[in-house]
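Model, not experiment: these values are computed from the prediction. Sequential numbering from 1 along the given sequence is applied to the chain's residues.
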Amino acid sequence: MPVFAANLTMMFNEWAFLDRFDAAADAGFAAVEYLFPYGATPEAIADRLARNNLQQALFNLPPGDWAAGERGIAALPGRFDALKADVERALDYAAATGVRRLHLMAGIADPHDEDAVSCYRRSVTYAAGRLAEKGIDLLLEPINGRNMPGYFLNDFGAAERLIAECGLPNLKLQFDIYHHQIIHGDVTMALRRLLSITGHIQIASVPSRNEPDGEELNYAYLFGEIDRLGYDGFIGCEYIPRGHTLDGLGWFKPFARS
Ligand SMILES: O=C(O)C(=O)[C@@H](O)CO
Ligand SMILES: [Mg+2]
């Protein structure tokens, strides 16, 4: 049975950030993820995880200046020193939370620009190496261009090729089913092909990015397929609830921790 992680950036927004940990645990989640922990101290987050017996499934390395429109800096030439500092900052939070996987955002850059391509590869190789020393996986997530126009890593094939070329055991794919359906479709066949290099899965309805209980994808079928393929990682619930978070958890009832 999949282990679902509540995404505390999108879900449980009725509560302040730290209180979302309590709310997610009360709703039956055994794990959480979010985009960024950096607005709270590592100690405060560790305390919420411990007191609620929650696993920290995932978070992202710092993304650059998010408010200014940056969406990662890994593919941005001239930012390598900042990236190295970001890796250390994320590792402080990793040590406190016990997370075993971190997502590195690529940034807004032309995927056909040679400088961006070589810069991205250098950043990925460096970050994966540093995380390997701590037993942590580095994840790469292709993101669709409708949600993130101009994003460098906008193709699952590109991620698959890079992971194969680098040949680093802790470099893995973050398979967000929502993005895959929008970019490529054919989700089941892609899961079968890519699960062996997948370190984390995320879900949402398509096209609305709401609860995984309707619209274009049949998640009941996909959860069965993910189980059948032997996936033993987390599934991150990276969706925007249609209304109050708790009112939209009908789909989750069979999986809730009691
Ligand atoms: O946008 C998504 O999808 C994510 O998983 C975020 O972490 C941004 O990368
Ligand atoms: Mg995602």
Side-chain angles (χ1 to χ4, degrees), residues 1-17 19-35 48-49 52-60 99 101 103 139 141-144 146-148 156 173-192 194-195 198-258:
M1 189 166 85
V3 179
F4 291 95
N7 185 298
L8 301 185
T9 302
M10 293 196 179
M11 301 173 72
F12 297 102
N13 273 225
E14 299 83 359
W15 287 266
F17 179 68
D19 294 335
R20 291 176 204 167
F21 291 76
D22 309 343
D26 288 348
F29 284 92
V32 294
E33 63 170 39
Y34 35 78
L35 267 70
R48 296 294 177 137
L49 291 168
N52 288 297
N53 191 23
L54 283 168
Q55 290 186 77
Q56 180 69 57
L58 170 86
F59 56 83
N60 294 351
V99 74
R101 60 202 65 71
H103 168 217
L139 304 188
E141 180 191 39
I143 294 179
N144 82 78
R146 186 165 67 222
N147 283 90
M148 220 171 264
F156 277 68
L173 178 70
Q174 182 164 318
F175 194 130
D176 189 324
I177 290 176
Y178 167 80
H179 292 308
H180 193 284
Q181 175 65 5
I182 292 171
I183 302 171
H184 306 287
D186 208 13
V187 167
T188 303
M189 296 306 285
L191 282 169
R192 290 178 188 169
L194 297 173
L195 208 75
T198 296
H200 190 64
I201 292 176
Q202 292 175 320
I203 55 169
S205 73
V206 178
S208 304
R209 209 173 199 181
N210 295 143
E211 283 84 351
D213 58 4
E215 302 186 333
E216 206 169 295
L217 290 170
N218 178 357
Y219 271 107
Y221 171 82
L222 290 174
F223 295 156
E225 180 69 16
I226 288 166
D227 264 353
R228 198 187 64 72
L229 292 170
Y231 178 71
D232 60 359
F234 295 100
I235 297 183
C237 304
E238 196 180 33
Y239 68 78
I240 302 158
R242 282 186 292 266
H244 195 291
T245 302
L246 297 180
D247 293 341
L249 287 177
W251 71 271
F252 175 64
K253 286 217 159 60
F255 308 105
R257 180 170 71 170
S258 49

- prompt: Does a side-chain heavy-atom distance below 4.5 Å link Arg48 with Leu8?
  reply: no

message: If you define the side chain from C-beta out and look only at heavy atoms, does anything of Leu35 sit under 4.5 Å from Glu238?
response: yes

query: Does Phe21 have its ring centroid less than 6.0 Å away from the ring centroid of Phe12?
result: no

field: Plane angle bin for Phe4 and Phe223 - parallel if under 30°, tilted between 30 and 60°, otherwise perpendicular
entry: perpendicular

- request: Would you indicate whether the side-chain heavy atoms of Asp19 and Phe17 approach each other to under 4.5 Å?
  value: no

Euclidean distance, Met11 CE relative to Ile240 CD1, rounded to 0.5 Å: 11.5 Å

- line: When every non-hydrogen atom of Pro212 is compared with those of Ile203, the smallest separation belongs to CG-CD1, 3.7 Å

field: Heavy-atom side-chain contact between Glu211 and Ser205 under 4.5 Å
entry: no

Donor-acceptor contact below 3.5 Å, side chain Arg20 vs main chain Trp15: yes

- request: With side chain to side chain contact (heavy atoms under 4.5 Å, CB included) as the test, would you mind laying out the steps for Ile182 and Glu216 before giving the verdict?
  value: CA-CA 10 Å; Ile182 292 171; Glu216 206 169 295; over 6 Å; no

task: Decide yes or no for Asn13 and Thr245: does some side-chain heavy atom of the first lie under 4.5 Å from some side-chain heavy atom of the second?
output: no

query: At their closest point, which heavy atom of Met10 faces which heavy atom of Pro241, and how far apart are they?
result: O-CD, 3.4 Å

- prompt: So which of His103, Gln202, Gln55, Arg101 actually passes side-chain hydrogen bond (donor to acceptor under 3.5 Å, both in side chains) with Glu33?
  reply: Gln202

- prompt: Looking at Leu246 and Ala27, what are the two nearest heavy atoms and their distance?
  reply: CD2-CB, 4.1 Å

query: Do the ring centers of Phe29 and Phe234 come within less than 6.0 Å of each other?
result: no

- prompt: So which heavy atom on Leu217 is nearest to which on Ala204, and how close?
  reply: CD1-O, 4.5 Å

message: More than 12 heavy atoms of other residues, nucleotides or ligands under 6.0 Å from CG of Asp247: yes or no?
response: yes

message: Pair Thr188, Tyr221 - check side chain to side chain contact (heavy atoms under 4.5 Å, CB included), show working.
response: CA-CA 9 Å; Thr188 303; Tyr221 171 82; 3.4 Å; yes

message: I'd like to check Asn53 versus Arg257 (side-chain heavy atoms, cut-off strictly below 4.5 Å). Are they in contact?
response: yes

field: Tyr231 side chain to Thr198 backbone, donor-acceptor under 3.5 Å
entry: no

message: For Gln174 and Leu58: C-alpha separation, side-chain torsions, deciding distance, then whether side chain to side chain contact (heavy atoms under 4.5 Å, CB included) applies.
response: CA-CA 10 Å; Gln174 182 164 318; Leu58 170 86; 3.7 Å; yes

Heavy-atom closest contact (Leu195 atom, Leu229 atom, distance): CD2-CB, 3.5 Å

Derivation of the side chain to side chain contact (heavy atoms under 4.5 Å, CB included) call for Asp176 and Asn144: CA-CA 10 Å; Asp176 189 324; Asn144 82 78; over 6 Å; no

Side-chain heavy-atom pair Pro207, Arg146 within 4.5 angstrom cut-off: yes

- prompt: Between Pro254 and Trp251, what is the shortest heavy-atom contact and its length?
  reply: CD-O, 3.4 Å

query: Just how far is it from atom CD1 of Ile143 to atom CE of Met148, taken to the nearest 0.5 Å?
result: 4.0 Å

- request: To the nearest 0.5 Å, tell me how far Ile226 CD1 sits from Phe175 CZ.
  value: 8.0 Å

message: If you apply the rule ring-ring contact (aromatic ring centres under 6.0 Å, His included), what do you find for Tyr239 with Tyr178, and how did you get there?
response: CA-CA 9 Å; Tyr239 68 78; Tyr178 167 80; over 10 Å; no

- request: Would you mind reporting whether Leu173 and Pro142 have side-chain heavy atoms less than 4.5 Å apart?
  value: yes

message: Regarding Tyr34 and Gln56, do their side chains bring together a donor and an acceptor under 3.5 Å, going by distance alone?
response: yes

